[in-house]
Amino acid sequence: MPELPEVETVVRDLNKADVVGKKILDISVNWPKSINSHTPKEFKDHLIGKNFDKITRRGKFIHLHLDDGYSLLIHLRMSGHILIKELDEPINKHEQVLFHLSDKLISFHDPRKFGRITLTKNPNTILDKLGEEPFSEKLTSLYLYEKLQSKKKNMKTLLLDQSFIAGIGNIYADEILFDAKISPLRISNTVTKKESVALLNSIQKILKVAIDKRGTSLGTGESNFRSDGKLGDHGQQLAVFRQTGKKCINCTTPIKKIKVAQRSTHYCPKCQK
DNA sequence: AGTGGCCCCTGGCGGC
DNA sequence: TGCCGCCAGGGGCCAC
């Protein structure tokens with residue numbers, strides 16, 4: 001489940017892999033629906049011959065800037081991965097879209113086919129709908145506090161809302177709320193200033209640890225998420241996500257699993273108020 | 001403004 | 001062992 005740390009890792013990987021400045025020589029589209037802005041033919045006709053200028057991240061979007069001013073926005077959704085492959089590597093059946101460069105392949109690998117690639121002249125039409133970046137200087141605890149006061153949603157729903165803060169998904173939402181000792185069911189406008197400070201602190205801490213972990217375990221394109229609830233090669237144990245029934249690391253109360261906004265949600269009913 | 005339901009997909013798992 | 005059926009999960013969209 002790629003969230004901000006995974007997407008950040010992909011972007012760093014692409015930048016390290018010397019993709020910037022490379023020309024797109026050919027494109028293979030094996031699953032047309034992976035491209036949600038154009039038909040495969042239009043997509044290819046536009047992109048072949050273009051160069052990648054810059055690669056950045058915004059929320060969970062990978063933003064590939066092209067030398068003609070257009071942009072490719074890639075959203076990995078549930079199961080998408082970007083693989084950087086040698087030209088002669090065999091193609092796996094889940095590789096939905098492939099960009100052929102002179103010396104490598106950039107492959108969009110997506111078994112569940114939820115991910116989407118958008119080619120657009122105006123990426124801001126999409127990106128401006130996103131909330132602040134978790135590490136943006138604009139995201140202060142006071143800003144967060146005031147934004148929480150202006151809503152009456154439960155905290156889990158708000159953290160998952162990409163127009164509120166960009167980049168947080170189901171795993172980290174649970175981990176962040178546990179770390180901040182705030183219940184996922186807490187209504188946002190009851191959160192205090194002090195709790196807002198803790199929340200911002202937890203958002204940045206949890207995401208930073210995750211980004212740092214991913215940095216040690218990437219490159220293979222394999223999912224870092226494992227069903228045993230561990231992340232990355234070094235197996236950082238999650239505090240609550242998929243830890244249903246296990247003892248809370250703070251108070252030993254069993255971790256509870258509930259549904260909030262159609263999402264599985266894990267929390268400590270004693271620690272999180 | 002906020003909530004709930006549906007849809008897109010398929011690997012994986014529980015039940016039998 | 002094998003098969004069937006169900007579900008998770010991000011986000012868009014629509015109805016209320």
Side-chain angles (χ1 to χ4, degrees), chain A residues 1-10 29-38 57-63 73-82 92-97 108-118 120 123-131 133-134 146-177 184-191 203 207 210 221-231 238 240-245 255-267:
Chain A
M1 281 162 273
E3 304 185 24
L4 184 151
E6 291 77 4
V7 178
E8 178 65 28
T9 293
V10 168
V29 180
N30 299 323
W31 185 259
K33 280 189 174 180
S34 293
I35 299 159
N36 68 356
S37 56
H38 295 75
R57 179 191 60 74
R58 176 78 171 94
K60 299 179 198 171
F61 286 94
I62 301 160
H63 186 173
L73 294 178
I74 303 181
H75 198 299
L76 301 172
R77 293 278 182 96
M78 297 293 306
S79 61
H81 295 283
I82 300 296
N92 176 293
K93 66 170 176 172
H94 298 305
E95 294 180 50
Q96 317 300 3
V97 181
F108 176 65
H109 175 273
D110 188 15
R112 293 198 180 172
K113 300 176 176 171
F114 277 20
R116 292 294 180 261
I117 302 176
T118 304
T120 176
N124 288 342
T125 307
I126 293 167
L127 300 180
D128 285 352
K129 292 175 185 166
L130 298 174
E133 285 291 317
E146 286 173 352
K147 211 160 174 187
L148 291 170
Q149 300 311 300
S150 71
K151 306 269 184 193
K152 283 187 187 177
K153 287 187 183 180
N154 64 59
M155 289 301 293
K156 176 65 183 268
T157 303
L158 258 194
L159 284 188
L160 292 178
D161 181 350
Q162 300 300 300
S163 70
F164 186 72
I165 296 175
I168 300 170
N170 208 33
I171 299 172
Y172 297 122
D174 284 2
E175 295 296 311
I176 287 164
L177 288 171
L185 297 170
R186 185 78 170 278
I187 302 302
S188 56
N189 67 350
T190 70
V191 170
I203 289 169
L207 293 178
E222 294 299 314
S223 173
N224 287 323
F225 179 76
R226 303 199 300 242
S227 58
D228 60 6
K230 292 181 179 177
L231 285 174
L238 295 168
V240 287
F241 190 79
R242 296 215 172 148
Q243 305 301 316
T244 313
I255 298 303
K256 202 170 164 185
K257 178 178 175 179
I258 57 173
K259 281 265 181 192
V260 181
Q262 268 83 267
R263 295 282 179 264
S264 65
T265 298
H266 315 72
Y267 73 113

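In what follows, every chain begins at residue 1, and chains take the letters A, B, ... in the order their sequences are listed. Keep in mind that what you see is a predicted model, and the values were worked out from it rather than measured.
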Notebook entry, point to check: What string of B, S and - do you get for nucleotides 11-16 of chain C, 5' to 3', when a contact is any protein heavy atom under 4.0 Å?
Noted result: B-----

How many whole angstroms separate atom [atom1] of [X] from atom [atom2] of [N]?
X: A/M78; N: B/dC7; atom1: CE; atom2: C1'; answer: 14 Å
X: A/R116; N: B/dC7; atom1: CZ; atom2: C1'; answer: 11 Å
X: A/L185; N: B/dT3; atom1: CG; atom2: P; answer: 11 Å
X: A/K259; N: C/dG10; atom1: NZ; atom2: P; answer: 10 Å
X: A/F114; N: B/dT10; atom1: CZ; atom2: P; answer: 9 Å
X: A/K153; N: B/dT3; atom1: NZ; atom2: P; answer: 7 Å
X: A/I171; N: C/dG10; atom1: CD1; atom2: C1'; answer: 12 Å
X: A/L4; N: C/dG10; atom1: CG; atom2: C1'; answer: 14 Å

Next item on the list: Measure the acute angle between the ring planes of A/H109 and A/H94, then classify it against the limits of 30° and 60° as parallel, tilted or perpendicular.
Entry: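 Perpendicular, since the angle between the ring planes exceeds 60°.
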
Next item on the list: Answer yes or no: is there an ion pair linking A/E6 with A/K60, defined by an N-O contact shorter than 4.0 Å?
Entry: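 A/K60 and A/E6: not salt-bridged.
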
Notebook entry, point to check: With a 4.0 Å cut-off, would you call A/D174 and A/R242 a salt bridge?
Noted result: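 Between A/R242 and A/D174 there is no salt bridge, as every charged N stays at least 4.0 Å from the carboxylate O atoms.
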
Margin query: I want to confirm an ordering. Mapping A/S188 and A/Q262 to their closest nucleotides on DNA chain B, which one lands closer to the 5' end?
Written below: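 Result: A/S188.
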
Check: A/K113 side chain to A/K33 main-chain N or O, any donor-acceptor pair under 3.5 Å?
Finding: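 Flag not set: sc A/K113 to bb A/K33 has no pair under 3.5 Å.
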
Notebook entry, point to check: Is a side-chain N or O of A/E133 found less than 3.5 angstrom from the main chain of A/A166, in a donor-acceptor match?
Noted result: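 Pair absent, no side-chain N/O of A/E133 close to backbone of A/A166.
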
Next item on the list: Check whether more than 12 heavy atoms from other residues, nucleotides or ligands sit under 6.0 Å from atom NZ of A/K256, and answer yes or no.
Entry: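 No - once you tally the heavy atoms of other residues, nucleotides and ligands closer than 6.0 Å, there are 12 at most.
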
Margin query: Can you see if the side chain of A/K152 gets near the phosphate of B/dA1 - specifically, an N or O under 4.0 Å from OP1 or OP2?
Written below: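 Looking at the OP1 and OP2 atoms of B/dA1, neither is under 4.0 Å from any side-chain N or O of A/K152.
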
Check: So what does A/S264 touch, heavy atoms closer than 4.0 Å: a base, only the sugar-phosphate, or nothing?
Finding: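 Sugar-phosphate, backbone atoms only, no base.
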
Margin query: Hydrogens and angles aside, do A/T265 and A/K156 bring a side-chain donor and acceptor to less than 3.5 Å of each other?
Written below: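 On atom types as modelled, these side chains qualify, holding a pair under 3.5 Å.
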
